[in-house]
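To start, the structure itself, in structure tokens.
As the structure is a computational prediction, the values presented were derived from the model and not from experiment.
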Amino acid sequence: MDLSRTLAGAGAALLATALLANPVSAAPGGIPASTTPRNNLVSAARGATPLSGAPGDNPSTRDFGNGPERNEIAALGNSAVDSAALGASSASTLFAEEPASAWTVTRRKGYPRQHDLPVWPVNPEDRSIKLGLVPYHLIAPRLNALQAASDRVSAEIVGHSAGGRDLYLVTVTAPESAAEAARQDRWRELIEEDPAAAKRDRALKTGYKTPVWINANIHGNEWEGTDGALRVIERLATATDTATRDLLERSRVYVTVTNNPDGRIAGTRANGAGFDINRDHATSSQPESRAVRDVVIATQPFVMLDEHGYTDTTLIEPATPPHGQNYEYDLYIKHALPNALSMEKAIQRLGHPETTRADIPFRDYAPGDWDDWPPIFTPMYATYQGAVGHTVEIPLQVNNSAYDDLPVEELQRRSRINTDVAAATIEATLTYADTNRATLLADQIELFRRGWAGEPSRVIPDGFVDGFGPEDRYATTFPRAYVIPAGSPAAARLVNHLIANDVRVTAARTAFRAGGRHYGKGTYIVDMHQPKRGLANVLLEAGRDISGLVPQMYDISGWSHGLLWGATVDSSLRSLPRVLVTKVTKAAATGSVDAPRGRDLSLSLRDGNDVRAVNELLTRGVKLRRTDAATVVVPAEARPEAVALATSLGVRFTAAPGRARGDAIEQPVIAAAVSADELFALKEMGFTVRPVSTAILNAGFDLSTVDSLIVSSGLSYPDLTATARAAVDAYLARGGGVLTRGATGANFNAAAEVLPVTATAGRADANGVVTVTNEGRIVGSGSPAHSFIYSPLWFTGEGVTVEQRYGPAPLVAGHWLPTDEGTDGSAQAAGRPAVVSGTTAGGGHAVLFGTEPLFRAHPKGLYAEYARALFWTAG
Ligand SMILES: [Zn+2]
């Protein structure tokens, strides 16, 4: 550990103190609806701790992306997005399976592969214009002109944003014949499929073009990555010097010019659906993240940059620990650190006073200050796909308050410097990749070789690179195989997701036994001897409780498709099941109608797709009944509709018990003050939702026809006008239902006196996968034994039903520390009610969630428990 890292550690200790001095449950009158610990604590620490002069004393901070702060502002929906991304899609492409990949490498064609890109109408409102940057509508004309001018440039559309806008991929390389391009494709495949053969192949070694990928503007209001990338593309397209010519003979440069056109135009971090795309890798709920996922798989870059802003000082990864435990981190850091240093030199050469150095978190920050733990960020995700991934943060703020407050000349001055920095980091990376092409190739081959060989995680020695110490050492034990029983929509969804991520999945050709269990024919097996086993494992494993390893984390520290996506996922530590298998390219259909004709049908609400089926039936006017919170009876006459939904959604209808009665269900009228991710998940499940907020209720929203009011974001009872408050009171008095989630919901519960419970908040930055015990008949009925939390709550009080409790030692994976006083930690939450239900004074139904069942549309296996609660509160 070097001096600067020690100093950074001192800074971090102070930061942690600032966080702990601000316990979330201490606020009088309730729980702060939003807490942004990093931002608060850093600004506090900057004021309080004048550590100056040493790099790393003022760690830059990432902005939050749909963390707890999302409880502040209710999502209002976006009609353009709804029609582009949701309304126009059929149920089957939306939710039953992984949406089809939009793009793969074109075969049997050489380079250039030019496409006349459609030109978008001029939009004078584009927020890039004020900064003197290229507005979205001018990107296509510019790329079209470049294609006309240069046979080195190819442009194409690789997907569409949530708002329906084109996502461009530019490839810059020396022209190739169809045969040459086909040979490049074969070599790329050989590297992944047969690394030993690739290693022996001398023609490959000299002839394989170094793939480098630049992703720009994933955060829409971090603009200049696009402009810097366009500058580099133009130089490469037109330069006549030998060095450039040679570089393009040896390289393919791929650029996704803007990964977030919706945000670029609107000046927002998020896409048009309100999602932070740079938190969506691994979940891939958004078209923008799916598009770049397809690009990284198809191009298999050696190195990639994700261009962001703004951190005052340029920031260049590699990151601090904790490092993702599934990386082949030695193969990563041996390039990531020197390339970061070369990028730092490049920005120094620009000569701007603002670019005299870079922050390199691995070198300059304390553990936990800027980590690469979760695979939700583009470069971390890309690293699992074989790249050496770097986040680059250009320095000078031009967004948010700066955008509104600074003079235009100053904004444009900053944007010019930012563009210089973005271009310099890209140029430096191209040079690094070209100079080190032989080692980068050998190391990507080695990465995939280790995967195929199923080698244990490497133990990396201290000093492997400058500053590498015990704090950097993370490793995992890879199981020999994962086994996923087939037959449920959840299993099909998970398997299709794995395949879309280039994880290899097979299916058993016969029934078999493994680990003392019987598995049927068609059971999915993920043989972990495969090239991208790190990616397979980071998606499927439970994860790890890292609370004790670092004082704080930036973003989520736990996730698990294995535990949270609703499918049964078993792991076999040592042995591969002994059964013949077939390669799977798409999960088998799961739907069925297992009932004699003329018989009423029964559908259990165990999965989001079951919920979707119910909503589809209600939309079509089918008269449904509910025999309990989890069971819906479909009349025999609706069999054709049921058959169609069994096919499109993979859901299973069975014979209803003879003369099953139950209460009629209507399509619920839902008013929802929810965050963007929750609104998205509700729509995925087919609910029709009327977005509300404090302002909307104050403007006179009519609650008289509403069946259930959801409160989790942007609705504060004390901030309602007297009239709006009276309307809410009247709604509750007539027995209207309420569903709440998180601190905003708990505060509403207290202020509006919905249920007689009080909420206690765990630490605001606590997040991850927890165990739960299911008790109640609504949420608790047949739910998974795991849940997800972020700023968790638990409830105390009488007269309610405990639906779900935190387990005895709840945290399975993630980061959840107590305060210095020993409060608000996972030990305090153990056994406490996490979700409660009850009847309000007005006779309505209410459910309060202290967990995060719809968080960022990730925990698909928890959707149904939320939906059961929603139906119950509405009915
Ligand atoms: Zn960013």
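Here the side chain of Q444 pairs a donor or acceptor atom with the backbone of Q300 at under 3.5 angstrom. Remark: the backbone N or O of S285 is paired with a side-chain donor or acceptor of R290 at under 3.5 angstrom. Side chain of R473 to backbone of I460: a donor-acceptor contact under 3.5 angstrom is found. Of the possible polar contacts, none joining the D765 side chain to the M553 backbone as a donor-acceptor pair under 3.5 Å is found.
Taking the centre of each ring, H497 and W565 come in below the 6.0 Å mark. Between Y384 and Y381, a ring centre-to-centre spacing not shorter than 6.0 Å is recorded.
Taken from NE2 in H281 to CZ in R293, the straight-line distance is 10.0 Å, to the nearest 0.5 Å. With rounding to the nearest 0.5 angstrom, the CZ atom of R533 is 4.0 Å from the CZ atom of F478.
Counting heavy atoms from C-beta outward, L498 and H561 have side chains that stay 4.5 Å or more apart. Side-chain contact between T378 and V296 is absent, with no heavy atoms from C-beta onward closer than 4.5 Å.
Residues H335 and N436 have side chains that never bring a donor and an acceptor to within less than 3.5 angstrom of each other. Donor-acceptor pairing under 3.5 Å is lacking for the side chains of S457 and Q325.
For R349 and E427, the salt-bridge test fails: no basic side-chain N is under 4.0 Å from an acidic carboxylate O. Ion pair D466/R363 not flagged as a salt bridge, since none of the NZ, NE, NH1 or NH2 atoms sits closer than 4.0 Å to an Asp/Glu carboxylate oxygen. Between R504 and E192, at least one side-chain nitrogen of the basic residue sits less than 4.0 Å from a carboxylate oxygen of the acidic one, meeting the salt-bridge criterion. Ion pairing of E446 with K199 is absent here, as no side-chain N (NZ or NE/NH1/NH2) approaches a carboxylate O to less than 4.0 Å. Salt-bridge formation is not detected for the pair K334/E328: no Lys NZ or Arg NE/NH1/NH2 atom is positioned less than 4.0 Å from an Asp or Glu carboxylate oxygen. Checked for salt-bridge contact, E180 and R183 miss the test: no charged N lies under 4.0 Å from a carboxylate O.
Exactly one residue among D280, D555, D276 makes a salt bridge (charged side-chain N to carboxylate O under 4.0 Å, His left out) with R856. That residue is D555. Considering H815, M380, R544 in turn, R544 is the only one that fulfils the side-chain contact (heavy atoms from CB on, under 4.5 Å) rule with W373.
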(request) Given side-chain contact (heavy atoms from CB on, under 4.5 Å), test W559 with I376 step by step and report yes or no. (result) CA-CA 10 Å; W559 62 90; I376 58 176; 5.8 Å; no

